[in-house]
There are 2 protein chains.
Amino acid sequence: MPLAHRVPDLGALELLLAVARLGSLGRAAKELGITQPAASGRLRGMERQLGVALVERSPRGSRLTDAGVLVTDWARRIVEAAEAFDAGAQALRGRRDARLRVAASMTIAEYLLPGWLVALRTQRPDTAVSLLAGNSTAVAARLLAGEADLGFVEGLDVPPGLDGTVIGHDRLVVVTAPQHPWARRRAPLSAGELAATPLILRERGSGTRQVLDAALAAHGGLAAAEPLLELASTTAAKAAVVSGAGPSVISELAIGEELAGRRLVEIPVADVPLRRALRAVWPTGHRPVGPARDLLGLTRSRPADA
Amino acid sequence: MPLAHRVPDLGALELLLAVARLGSLGRAAKELGITQPAASGRLRGMERQLGVALVERSPRGSRLTDAGVLVTDWARRIVEAAEAFDAGAQALRGRRDARLRVAASMTIAEYLLPGWLVALRTQRPDTAVSLLAGNSTAVAARLLAGEADLGFVEGLDVPPGLDGTVIGHDRLVVVTAPQHPWARRRAPLSAGELAATPLILRERGSGTRQVLDAALAAHGGLAAAEPLLELASTTAAKAAVVSGAGPSVISELAIGEELAGRRLVEIPVADVPLRRALRAVWPTGHRPVGPARDLLGLTRSRPADA
DNA sequence: CCTGAGTCATCAGTCCAGCTTATGTCCTCA
DNA sequence: TGAGGACATAAGCTGGACTGATGACTCAGG
């Protein structure tokens, strides 16, 4: 039942990628710091596990089979996710002597920052980053106290005492399970319908909730209905929607995978501007320099509203 | 150096997700088929490895810490990639009694099919799928020989003897390393410039190459310059571009990760329609039924040109 | 032809990570 | 106050993965 028994472990996947890149078991082994027999055995084990030959061995080297090419590309996805994990985890470990201290809102820390950190690492391998995640107020406090060099917040305004620049936008989307009647609508949802429907929402005070309330209020003074369910985390809300409990309004950053896998369906909405800016922020007058400036450059060159 | 030593293995990540979902070490352990002490030890090991407390234990159960929430979300990315890997690998194993036999072009098999298979599995858990990857001709041959139930091809036309439906589009994009002068251009690239520049390309005969040639020819009869480098796989071409060898034209499906991580930069092009249709195909008159129809439904509801 | 430098496979032996079983501690609830 | 659930700890086992040595094979060059 558990996935781990059917999918090779990370070491084996890295080995496969190295073999694909270097064209030789022995060289791949050396790169990973193991011996050639270990690599040979490991690759053999992976092929036995998958029931498919991945590599064509010859006395002149090794090449991927057709199946091997496919498997290698799928493996690369896993390894890239692992790299993002590693970059995030290293930042989270947060040693005090870190040269770049970042404070970020939860959504940005979860979905955007790991990718930025991977990119930063290829550009500045020696920059140690520490990460602190919290809400906008906490981010502002850290910056003003000099405990962070650069902050990232989502929301409608820049906290007082800070300067900032918009680095992208986060759209809130209405989602349901594919079985929900809304998933078969042809016409977009109206603001009135949305306001009148009990939704699955984060607790009051969350950024998502604020934006939704503000957007409905701006649009003819509507007030959202009492929530169907109030949950503490985005993940819990997603799970509730997937299981068919009802519709919800969630950041598009959080639901890419679910939309792709058709576990969730986006419902178009008319006339309700459910966007919020994503901003990099810093104490007024202290424009980012050094590694903070590098990181800022990475974030700006890729708008987050793709 | 190797990633595997710094990232917990898949089993540990699954355990973390289960704990987050179930709120108890013991229940999570039972779900994964291990004992509670094993789960306890494993979680402790993971926390030691990351240097961060992930779970708050109490005699009434376990909840994630703030850091735990972040780590769990990053872990979920890895596990989802592993699910896609698993779905693809099972199909590749291709037992003869598979109820649904799919033949797909390389690009679709690599980048789109695993996601579809994961979705199909939640919808029809008992459908065994087998996968055969090859070029358009091979896909057509398998279908006409009755050796496959459903095919997927990318390209300009439907192979003779087959019916089909467009399920999305694949855009070819011009990419360079971020250091390349083109990355700093303001104006889009003209067709003439593109045609005049030696590029890193797949070998002649590949689908990518055909589309590029056709698009340039259609646009004022231009012919592409001699390639700078001819490589056998998309992956090799990507690697060459990333390392700064020169610009290339690659399917956008293949470079999502690289664009996000700023290892590659997309260069806008004026007036050259580098699109190709992605089609599901089947033998004329044999409209898909049963599981093939289910799979087709999944692919159509999510256009691949997002 | 040999020979040396590559490749990969096989074998035997060691070692450790992770498992299980058994038990202890703490809290909560009836 | 005792039962039950949740987690931790301890002891012992086992299998998987590693190393190091060796052998088979191919190719290029004297």
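Computed from a predicted model, the values in this text were never measured in an experiment.
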Given [options], which nucleotide is nearest the side-chain atoms of [X]?
{"X": "B:Pro59", "options": "D:dA10, C:dC26, D:dG20", "answer": "C:dC26"}
{"X": "B:Gln36", "options": "C:dT20, D:dA8, C:dC8", "answer": "D:dA8"}
{"X": "B:Ala38", "options": "C:dT20, C:dG18, D:dT19", "answer": "C:dT20"}

### Query
What closest approach, in Å, do B:Val249 and B:Thr208 show between heavy atoms, and which atom pair accounts for it?
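What the structure gives for the nearest pair is O-CG2, 3.6 Å.
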
Write down the distance between [atom1] ([X]) and [atom2] ([N]), rounded to a whole number of angstrom.
{"X": "B:Arg63", "N": "D:dC7", "atom1": "CZ", "atom2": "C1'", "value": "16 Å"}
{"X": "A:His5", "N": "C:dC19", "atom1": "NE2", "atom2": "P", "value": "8 Å"}
{"X": "A:Leu43", "N": "C:dT10", "atom1": "CG", "atom2": "C1'", "value": "16 Å"}
{"X": "B:Leu32", "N": "C:dG18", "atom1": "CG", "atom2": "P", "value": "14 Å"}
{"X": "A:Lys30", "N": "D:dT19", "atom1": "NZ", "atom2": "P", "value": "13 Å"}
{"X": "A:Leu22", "N": "C:dT7", "atom1": "CG", "atom2": "C1'", "value": "14 Å"}
{"X": "B:Glu56", "N": "D:dA6", "atom1": "CD", "atom2": "P", "value": "17 Å"}
{"X": "A:Leu15", "N": "D:dC18", "atom1": "CG", "atom2": "C1'", "value": "13 Å"}

### Message
Any base atoms under 4.0 Å from B:Ser24, or only sugar-phosphate, or nothing? Heavy atoms, all strands.
### Response
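The answer is sugar-phosphate, as B:Ser24 gets under 4.0 Å only of primed atoms, P, OP1 or OP2.
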
Please state whether the phosphate of [N], meaning OP1 or OP2, lies under 4.0 angstrom from any side-chain nitrogen or oxygen of [X].
{"X": "A:Arg44", "N": "C:dC8", "value": "no"}
{"X": "A:Thr35", "N": "D:dT19", "value": "yes"}
{"X": "A:Arg57", "N": "C:dT7", "value": "no"}
{"X": "B:Ser62", "N": "D:dC7", "value": "yes"}
{"X": "B:Ser40", "N": "D:dC7", "value": "no"}

[X] versus [Y]: any side-chain heavy-atom pair under 4.5 Å?
{"X": "B:Arg121", "Y": "B:Asp86", "value": "yes"}
{"X": "A:Val129", "Y": "A:Gln90", "value": "no"}
{"X": "A:Leu201", "Y": "A:Leu229", "value": "no"}

### Task
Hey, which sits more toward the 5' end of DNA chain C by its nearest nucleotide, B:Arg60 or A:Gly23?
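The answer here is A:Gly23.
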
### Message
Test side chain to side chain contact (heavy atoms under 4.5 Å, CB included) on B:Leu131 and B:Arg93; report intermediate values, then the result.
### Response
CA-CA 8 Å; B:Leu131 165 63; B:Arg93 194 148 38 228; over 6 Å; no

